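One structure is given below, encoded as structure tokens.
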Amino acid sequence: MNRVSEKTSARMTKFLMLSENHHVLTFFLLAAALNLLIESLARLDPLGGMRYLVDRPAQFLLNTLLLFAIFSASLLFRRRLFVLTVAALGWLILGIANAVLVSFRAAPLSGIDFAILRSCFPIVKTYLQAWQAFLIVAFICLLLFLAVRFFLRARKFKVRFGREIPLFSGAVLLCVIAFSLSVRTGAVETSFTDLPGAYRDYGFVTCFSLSVVGRGIEEPEDYSEAAVCALTDMNINRQEKSMKKTYQFAALFLSILFLAVSCAGSGGGSGKGENENTGSVKEDYLSVTPSGSHDVRMVFLNVGKADAAYIIVDGHAWLIDTGTSASVPVLFAGLENLGISSLDGVMITHTDNDHVGGLSALLDEVDVSAVYTSSISTDWDKVEELRGEIPRVALDSGEVLLVTEGVWFEVLGPIRYNSRDDNNSLVVRLRVNGATVLFAGDMMFEEENTLLSAELDLKCDLLKVGHHGKKDATSKQFADACSPDAAIISANREQETDSAHEKVINILKETDASVYLTEDYTIGIDVGITSDGRLEISDFQPINRGDHVEIVKVSREEQLVVLKNTGDTAADVSGWWILSERKKETFRFPDGAAIPAGGTVLVGTSDYEGEADFRWDETKVWHRKKADAAILIDRWGNQVDSAPVE
């Protein structure tokens, strides 16, 4: 035992000597190693940190420099080893806590989690038994005891301020310069619209630090603390009332549910309606048999790192997922080119922004009969807020949704609740003209295993690959069970480097599937199914193009866009779009909008103080500091022009 203690002491002495003589090297190597570990934890992947280093070296270096500057502060303390250890362990604990959170929810650990921490204490007894709470308290006390003991026994160093302060100041200055350059070049954002994406792209250390300092978002000019407090009180009251009702009616609900299931099983009829109207729901896909020859067309839209697909059968048009808010011009371009004026239904597979982000704009402009979701989710409130007066129909596994006579959407999943909402994705099958299409939403391994365990028939001719082709979905077993002839991945590898992963593509190719990526197509992938079940796949291109209109001015200061018609005739710009490249905000020209021959029009945001021909009802559209650009898109989806913000 003494020998072990002596060896440990000797190693510690060597480390201290190295630290004493080579501060910069020691702290930097420790920061780099810790950063690797934290990023691996954030991605729930042992090699995730190394892949992050290879994919984003500049961002990795910035995170390392931030840790390096923090560790350098230990030079100013006599018990520097204690301070260094506490700082390193503190970040490691944050990394572990973040890994635990992202395994249960989409949002990573941020400063707001600590701001609301005190609200957790009143509900601890709801989730923890007495012995569990005792163990947690005991563990915290043990950590405090060890910290105090380590502090008292920690070696004391002589602080040479003439040397230590310049070293620490240099480390901080280096970090500040690196951060400023990263922000200026756009390598790092300071205002996040996609929090999980920001953590993935910019790293945990940077994003968590920004979330502590400024919550990671900019304060709107029309911010009102009173309004926020009112909303908070309203939500709290609503939640309290909801909880009371839940306890009061839980037993009654279960009784009614049991009675309904019993009646459905004994009555031989459909519990959700026997009418044959489009959009009606039946309870069992085993009770229906696809029949007839149908006109079928599907378009899997190129909406970046998002999902959206139109399905048209005998003139009945449906949309599965709506992409992000920046996807709206593509959604409307699909409608324009397909000649669709209304939708029988919109299916939302789950509530991530890259699947539900375009729903509000779509419902504002297009006649939609109903919004369909699964009955299982961690958060359907987002859809409830967006759908307005449009009815929402919740679907359960095993049910069918009528498309047209002889054709149904068949709901295969989710079968059970999962803590991560990607694994609660609505999974539907379409059998038509003898071909089978499987839409997998963002289903990952967990939901795939649930479907495989249920021994469902997953064989299909066309697979819309789950979770954008990332390597946390589409297992070898699932791909073999599907054995598709063609597989479509909705992805953009420039925006999301881990999408359409080579591993997933190889797995699909091993099943002899032809793999198609939406990023490689103009507006999307056009898929037809012939009367004998053959797939016809091509590039979905615009049927027309708007010309002779250009952007002549984009003013950052005035928050103004000026367009000019360079043609000899008036230009109809109804349904055209202006998209802000950085913030992805959109403006749509109303019906009847036109620019006279040789004329100009002014599009001013809410911040523009002058008279404008069209008003963009948004504030701070054009970023006041960073490079930005305006993109002009016609109603058919063509990019007509673009111009930098001046």
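Predicted model only: the values in this text are computed from it and were never measured.
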**Of His467, His350, Lys464, the residue whose pairing with Asp307 passes side chain to side chain donor-acceptor pair (under 3.5 Å)** = Lys464
**Asked** Would you say Val504 and Lys470 make side-chain contact, with heavy atoms under 4.5 Å?
**Response** no
**Asked** Between Thr511 (side chain) and Leu508 (backbone), is there a donor-acceptor pair under 3.5 Å?
**Response** yes
**With Phe179, the side chain to side chain contact (heavy atoms under 4.5 Å, CB included) member among Leu210, Leu174, Leu65** = Leu210
**Asked** Can you tell me if His468 and Asp354 form a side-chain donor-acceptor pair at under 3.5 Å?
**Response** yes
**Item:** Ser209 and Phe204, any side-chain heavy atoms less than 4.5 Å apart
**Value:** no
**Asked** Taking side chain as C-beta onward, heavy atoms only, is Phe68 less than 4.5 Å from Leu30?
**Response** no
**Message:** Strictly distance-based, threshold 3.5 Å: is any side-chain N or O of Asn353 a donor or acceptor partner for the main-chain N or O of Thr324?
**Reply:** no
**Full working for side chain to side chain donor-acceptor pair (under 3.5 Å) between Asp421 and Thr351** = CA-CA 8 Å; Asp421 217 31; Thr351 58; 3.3 Å; yes
**Message:** salt bridge (Lys or Arg N to Asp or Glu O under 4.0 Å), that's the test. Do Glu519 and Arg493 meet it? Break it down for me.
**Reply:** CA-CA 8 Å; Glu519 66 177 14; Arg493 288 171 292 185; 2.6 Å; yes
**Message:** What's the separation between atom CG in Asn423 and atom CD in Glu448, rounded to the nearest 0.5 Å?
**Reply:** 8.5 Å
**Request:** May I ask you to decide if Val330's main-chain N or O and Ser327's side chain share a donor-acceptor pair within less than 3.5 Å?
**Result:** no
**Prompt:** Is Lys583 salt-bridged to Asp628, going by a charged N under 4.0 Å from an acidic O?
**Reply:** no
**Message:** Main chain of Arg200, side chain of Arg43: is a donor-acceptor contact present, judged purely on distance under 3.5 Å?
**Reply:** yes
**Request:** Could you walk me through whether Ser580 and Glu585 pass the side chain to side chain donor-acceptor pair (under 3.5 Å) test, one step at a time?
**Result:** CA-CA 5 Å; Ser580 63; Glu585 293 177 333; 4.6 Å; no
**Message:** Check this for me: does any side-chain nitrogen of one of Asp201 and Arg56 sit under 4.0 Å from a carboxylate oxygen of the other?
**Reply:** yes
**Prompt:** Below 4.5 Å, heavy atoms only, C-beta onward: do Phe71 and Phe168 meet side chain to side chain?
**Reply:** no
**Request:** Determine, stepwise, if the pair Thr206 / Asn63 fulfils side chain to side chain donor-acceptor pair (under 3.5 Å).
**Result:** CA-CA 6 Å; Thr206 295; Asn63 284 273; 3.1 Å; yes
